[in-house]
Amino acid sequence: MENKLIELIKSSIKAKRNSYSPYSKFKVGAAILTKHGKIFAGANIECASYSLTICAERVAAVKAISSGELKFKYIAIATNKKQVAFPCGACLQFLTEFSSNLKVILVKSEKEYKIFDLKDLLPQNFVL
Ligand code: THU
């Protein structure tokens, strides 16, 4: 696997350290590789008013977007549990906005991961 993707996977694993998840104790780290080769990482942020929680994928995405990076190539997602976690439906729709061909890497460890096409995870998205 190319070096940049190894770096991306490591970033997702590292990012979950900053997860703020006192309610679920489910830590998620996400790292996005943009079209211009930049990496933006984020973690899930929970709130006592549960529904205000923001997923790691969208935290990473808004960091990239607000830095002027609007096209994503890969997103790597790591958790503190044994099982890998697919992005939730809201995140899939959000990510679709910034890439039609995004590849989603579900990370178990630095050496164990699976790659999916966003299109396969969300075959039909809402279009305005
Ligand atoms: N979570 C994510 O960060 N990404 C997802 O795609 C699904 C869920 C977080 C939100 C919450 O902090 C915790 O996982 C449990 O739902």
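Indexing begins at 1, ligand by ligand and atom by atom, following the structure's order. Predicted model only: the values in this text are computed from it and were never measured. We number each residue from 1, following the sequence as shown.
- Pairs of residues two or more places apart, or lying in two chains, that qualify as salt bridge (Lys or Arg N to Asp or Glu O under 4.0 Å) and include a residue from residues 98-108 are Lys103-Asp117.
- Between the side chain of Gln93 and the backbone N or O of Phe126, at least one donor-acceptor pair lies under 3.5 Å.
- With hydrogens left out, the protein atom closest to atom 14 (O) of ligand 1 is Phe26 CD2, 3.5 Å, a heavy atom.
- Closest protein heavy atom to atom 3 (O) of ligand 1: Ala56 N, 2.9 Å.
- Proximity of Pro87 to ligand 1 is established by a heavy-atom distance of less than 4.0 Å.
- Near Glu46, the atoms of ligand 1 lying under 4.0 angstrom from a non-hydrogen atom of the residue are 11 (C), 12 (O), 13 (C).
- Counting only heavy atoms, the protein gets under 4.0 Å from atom 12 (O) of ligand 1.
- Close N/O approach between Ser21 and ligand 1 is not found [any backbone or side-chain N/O within under 3.5 Å].
- Nearest non-hydrogen protein atom to atom 15 (C) of ligand 1 is Ser24 OG, 3.7 Å.
- A side-chain donor-acceptor contact under 3.5 Å links Lys4 to the backbone of Gly37.
- Here the options are Thr79, Ile13, Ile77, the test is side-chain contact (heavy atoms from CB on, under 4.5 Å), and the partner is Val107; only Ile13 passes.
- Within the set Gly89, Cys55, Ala90, Cys47, the minimum heavy-atom distance to atom 2 (C) of ligand 1 is found for Cys55.
- Among residues at least two apart or in separate chains, there is no salt bridge (Lys or Arg N to Asp or Glu O under 4.0 Å) pair with a member in residues 8-35.
- The backbone N or O of Thr34 sits nowhere less than 3.5 Å from a side-chain atom of Glu69 that would complete a donor-acceptor pair.
- The Thr53 neighbourhood of ligand 1 comprises atoms 10 (C), 11 (C), 12 (O), with distances under 4.0 Å to a heavy atom of that residue.
- Closest protein heavy atom to atom 9 (C) of ligand 1: Asn44 ND2, 3.6 Å.
- The protein heavy-atom contact nearest to atom 4 (N) of ligand 1 is Glu57 OE1, 2.8 Å.
- At a 3.5 angstrom cut-off on N or O pairs, Cys88 counts as close to ligand 1.
- Leu5 is not connected to Ile75 by any chain of hydrophobic side-chain contacts under 4.5 Å among Ile, Leu, Val, Met, Phe, Trp and Tyr, and they are in different clusters.
- Taken to the nearest 0.5 Å, the OG atom of Ser11 stands 11.5 Å off from the CD1 atom of Ile32.
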